[in-house]
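Take a look at the structure set out below.
Each chain gets a letter, A, B and so on, in the order its sequence line appears, and its residues count up from 1.
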Amino acid sequence: MCMAIPSRIQTIENGNATVECFGETRVVSLMLLNEAVAPGDYVLVQAGGFAAEKVPADQAEEALAVLADVLAGAAA
Amino acid sequence: MSLAALEGGLTVRLRIVQGRIDAVTIANDRPLDAASALVGKPIADALRLVPLMFSLCGTAQLQAGLGACEAALGIRPSPAQLAARRLLLLAETVGEHGVRILRDWPALLGEPIRAEGIRALRGALSPLRKALYPDDDWAAPGGGRLDPDAGVIAACLTAVRAAARAAIADPSLPRVVKERGLADLCRSHPEPPETGPFARRRDHPLVAPLVARHGNGVLPRLVARLADLDECLAEMDRIVLNPDPGWPAPPHGDGPGHATLEAARGALSHHVTLTDGRIMAWRVEAPPEINFAPDGPLARGLIGPAGGDPVFLARLAVLALDPCVGCEVVVEGV
């Protein structure tokens, strides 16, 4: 609920980024970001396929660890 | 469970019989118990994680969670802290409404997204938190070190007002809705429970006359969002800020605590139970559970003529109610 999952940028091309999260990749638009991003950075991805904001790597990885628990709990 | 299931989403199914939508079912696969992942953690850790997990409306989510923890701990933040939090919450609401109006409204009509306006609005909002709390510790139980920088805040609010008012100047969606005779779309009587900008602003001078003509149809809902944004800007200007060192929180606390606030999309509640400063239970109730309930305003309101493009009608109605997750519309029947 109300979740935008941090995703790691793999490549950037023509204003779009290929991002990865939990082994899944997808292409998102970077057009709404105010700050520059590069491969390796984390961004929050919102409904509609837009990167909403850049997230510091330590925060993103901490969030992903908790969200992995949510995934594991749901699969159990 | 997949990434998509973790993000959650709504599926709206329309059953069409002889040109009428005669049944609407809404599947909500949002992971409602995600907050249970916080169980067992110390309060400080949980509060650090809340905005990372629930990052859409992260400020509202954290304020509701913080308020619930403070209630459980028996802490009453000072008026100065509450005023500063209110300013941050309003800023987030302005930003969320801005994205809806500049991104999703034109997208529904096939018009270009106004990305420059979104970036301008977000850029204007971004200095506010640090201008209030230089140590970025606003979410400490009892409040952080509040030391408002009046000059930066005044400049920030001026820039936000300019960017937001540019955003709401003559948006095309309400005009198109009116021109196509869709103002009453998704109107229902009696009105089911609803939360969000329409519930907050139905008595607003710009909204009330539309409610009189169109009830809870999409046009009053869209205009209510514009009115809500404008009222948020006005309230931000009225908030009086004072320095406050915060309240040192006790390290341990027992019992339940609850907090509800009005986030951009409506009433948001967090419920926690603490034992010895750790989370024993954490539950969240978010606006989509009301607005997209199986017998809620969308499900009831869409019953009626299917028109030439029922998918567009459903998407318009969904957008007027504004879920925070993606929504797929499926048509069944002919």
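Counting non-hydrogen atoms of other residues, nucleotides and ligands closer than 6.0 Å to CZ of B/Arg161 gives a total above 12.
The distance from the OG atom of B/Ser55 to the CD atom of A/Gln46 is 7.5 Å, given to the nearest 0.5 Å. For the atom pair CD (B/Glu116) and CE (A/Met31), the distance works out to 10.5 Å, reported to the nearest 0.5 Å. Once rounded to the nearest 0.5 Å, the distance linking CG of A/Asp58 with CG of B/Leu52 reads 9.0 Å.
Put simply, the side chain of A/Leu32 reaches to within 4.5 Å of the side chain of B/Arg122, judged on heavy atoms.
For A/Ala52, the parts lying under 4.5 angstrom from a heavy atom of chain B are both the backbone and the side chain. At a 4.5 Å heavy-atom cutoff, B/Arg265 makes no contact with chain A through either its backbone or its side chain.
Side-chain atoms of B/Arg48 do not come within 3.5 Å of backbone N or O of A/Gln59 as any donor-acceptor pair.
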Quiz item: B/Val99 and A/Phe50: side chain to side chain contact (heavy atoms under 4.5 Å, CB included), yes or no, with the steps?
Solution: CA-CA 11 Å; B/Val99 171; A/Phe50 293 92; over 6 Å; no
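Closest of all the heavy-atom pairs between A/Val66 and B/Ala37 is CG1-CB, 3.8 Å. A pairwise comparison of heavy atoms in A/Leu33 and B/Arg119 identifies O-CD, 3.1 Å as the closest pair.
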